[in-house]
Amino acid sequence: MRKQNKALILLRMIKLVKPLTGFMVLAVIFGTIGFLTAQFIPVLGGMAVLTGLGEDIDISFKTIVCLLLSFAVLRAVFRFAEQRMNHYIAFTLLAIVRDRVFKALRRLCPAKLEGRDKGDLISLITSDVELLEVFYAHTISPICIAIITEIIMCIFIGSYHPLLGAVAFVSYVLVGVVLPLIVSKRSGTTGDDLRAQSGELSSHMLESIRNIDDTLQYSFGSKRLEEIGSKTEELSKKQGILSKLTGTNMAIANMLILISDIVMFAVCTYLYQSGQITFSGFIIPLIALMSSFGPVIALASLGTTLQSTVASGARVLAIIDEEPETEDVEGKEIIGFKGANADSLSFSYGSEEVLNDVSITIPEKKITGIVGKSGCGKSTLLKLLMRFWKTEPGMVTVSGRNIDEINTDNLRDMESYMTQETQLFKDTIANNIRIGKLDATDEEVIAACKKASIHDFILTLPKGYDTEVGELGSTLSGGEKQRIGLARAFLHNAPFMLLDEPTSNLDSLNEAVILKSLKEESEDKTILLVSHRESTMRIADEVHSMDGGRLS
């Protein structure tokens, strides 16, 4: 993912709040009032003491007591209201962000995600998105609240003497602006590195769990554990650096606050002794400053917390911004299936050439077979017919029309694509098969399973079609998963079936049953059958041989 300017990332993250601007304004108003009531409680207490000492205060003692009681209650009410608004905004925006991320992933599938680190993607759509909650709930409104609150406090303190207002202003700027900027600069790319390493660790853990059988078989556990420990230690070091910066940041913030209080005391003393302010003008501004650093302390911690948040935001925005290999086509005339062709088709994965000047005609309602050893380009040809990648140089046509000019939904409706490895969800067998047709009846599902020679097996399971399969279909054999994938293709009932090694994991008996079903399907369907097994080709009307990316 390309590097992005952090200021632009923050700006884009803030723009997402636009639909919820009204709620954000309310959060700022509630937060500002909440902080002001908290800050003026000690100020009013000071005024009460001064009244008791006989000082001339513009507010009566009774009024001060009423205000103190009111502010104590209002502080709790407005603090709750602010947090309620902020978290409503945060979780609403997280839902919006998740929706955009999943839409982006769908657009990028499968070409841009086929070689992508799955563990890192899981980290991005879970922890990275979750971390944005800190920004939306604890960053945007606190900044606005701090600015408004401290401006009001500067005006209040400055009303006793302009120099006192200036001291307060400089104090707030040092703690809430200068310090976070310095700490952010010192932390450099630590936040980016932390999120990247977190993604790597997630990927490594996911890979370790998925390959646990091989790890145990070949006694690879100690090596794998050592790698996990090393990655965890590296991640801990980065987290330690950020934690150290956070601690240093808060220590410096507290030191600056103490220095500010001392400077304010010195200035108040000078002004009082020179007769420029009264005794109440000495006490009240000092108390006001000492009680008013709450909002800027929240800003002081942003120097380190924003590092990880911006890094997460960059990763999320990068996946949203990434351009798909092929954009969905819309707005074209809906067509029916009348055969397919590939003309002078070449294709490479990077510098590795997979197809070289391949041309093939796939006639309607016939079975066309392509046989060849693994890695010769058979699967790639099917993916190009599905328009997963761009077909240049060369061209793929369906019903005589370039597939770049066919609506994507229309194209996928005309094609049933069975991949080499069937991916199953942690759900019932029936629901896994219904992926081929979401509104399919039970009778349609059963009919598809009979064609795929898996109906009888399903009936032997404890709950039949309602039996849940394990994660990634771990409770089923390779052949069983393959037949479920074939049942999906039958259920989809598209006129053009693209089958990639549909019998590779089956015994000869099941292979014969499935090939018989496919032969029957060819009476009203077009089938492109790809396999490395010669026996699978016996039902084909025409067989092509592929080797080294060339078709003969």
Side-chain angles (χ1 to χ4, degrees), residues 6-7 9-10 13 31-32 34-36 38-39 42-43 79 86 131 133-154 156-158 163-195 235-270 285-313:
K6 291 184 178 181
I9 293 169
L10 286 172
M13 289 167 67
T32 300
F35 269 112
L36 287 173
Q39 291 167 0
V43 171
R79 178 64 173 169
N86 277 332
L131 196 55
E133 185 266 340
V134 175
F135 179 74
Y136 292 118
H138 306 290
T139 302
I140 300 179
S141 66
I143 290 175
C144 298
I145 290 167
I147 293 172
I148 297 171
T149 303
E150 305 308 23
I151 287 175
I152 292 173
M153 293 306 294
C154 284
F156 175 74
I157 295 172
L163 184 57
L164 299 178
V167 171
F169 176 78
V170 172
S171 301
Y172 299 145
V173 170
L174 285 175
V175 177
V177 179
V178 177
L179 180 58
L181 289 175
I182 292 174
V183 173
S184 178
K185 188 174 182 180
R186 281 189 60 199
S187 59
T189 62
T190 305
D192 298 312
D193 297 340
L194 182 67
R195 299 315 307 160
L235 187 65
S236 297
K237 286 180 180 178
K238 289 294 181 183
Q239 185 62 61
I241 292 172
L242 274 183
S243 297
K244 185 178 179 181
L245 282 169
T246 301
T248 303
N249 182 31
M250 295 313 298
I252 295 173
N254 288 325
M255 182 185 69
L256 289 174
I257 290 171
L258 180 60
I259 292 172
S260 298
D261 291 339
I262 293 172
V263 171
M264 178 62 82
F265 178 79
V267 174
C268 286
T269 302
Y270 166 74
L286 185 59
I287 294 175
L289 181 72
M290 294 175 68
S291 65
S292 64
F293 281 102
V296 291
I297 288 177
L299 299 189
S301 62
L302 294 181
T304 50
T305 57
L306 270 182
Q307 284 292 319
S308 296
T309 305
V310 172
S312 293

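Between the Tyr172 side chain and the Ile147 main chain, no donor and acceptor come within less than 3.5 Å of each other. A distance-only check finds a donor-acceptor pair linking the side chain of Ser291 to the backbone of Ala288 [under 3.5 Å].
With values rounded to the nearest 0.5 angstrom, Ile257 atom CD1 is found 13.0 Å from Met264 atom CE. Taking CD1 of Ile145 as the reference point, atom CG of Asn86 lies at 6.5 Å (rounded to 0.5 Å). Expressed to the nearest 0.5 Å, how far CG of Leu289 lies from CD of Gln39 amounts to 10.0 Å. Put simply, CD1 on Ile152 and CG on Leu36 are 4.5 Å apart, with the number rounded to the nearest 0.5 Å. One finds the CD atom of Glu150 at 10.0 Å from the OG1 atom of Thr32 (value rounded to the nearest 0.5 Å).
What you find for Gly313 and Ile9 is that their closest heavy atoms are C-CG2, 4.2 Å. Taking each heavy atom of Phe293 and Ser260 in turn, the nearest pair found is CZ-CB, 3.8 Å. Of all non-hydrogen atoms in Pro285 and Ile157, the two that sit nearest each other are CB-CG2, 3.9 Å.
The side-chain heavy atoms of Phe156 and Ser292, taken from C-beta on, include no pair separated by under 4.5 Å. Asp261 places none of its side-chain heavy atoms less than 4.5 Å from the side chain of Phe265.
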>> Evaluate Ile297 against Met250 for side chain to side chain contact (heavy atoms under 4.5 Å, CB included), listing each step before the verdict.
In response: CA-CA 8 Å; Ile297 288 177; Met250 295 313 298; 3.7 Å; yes
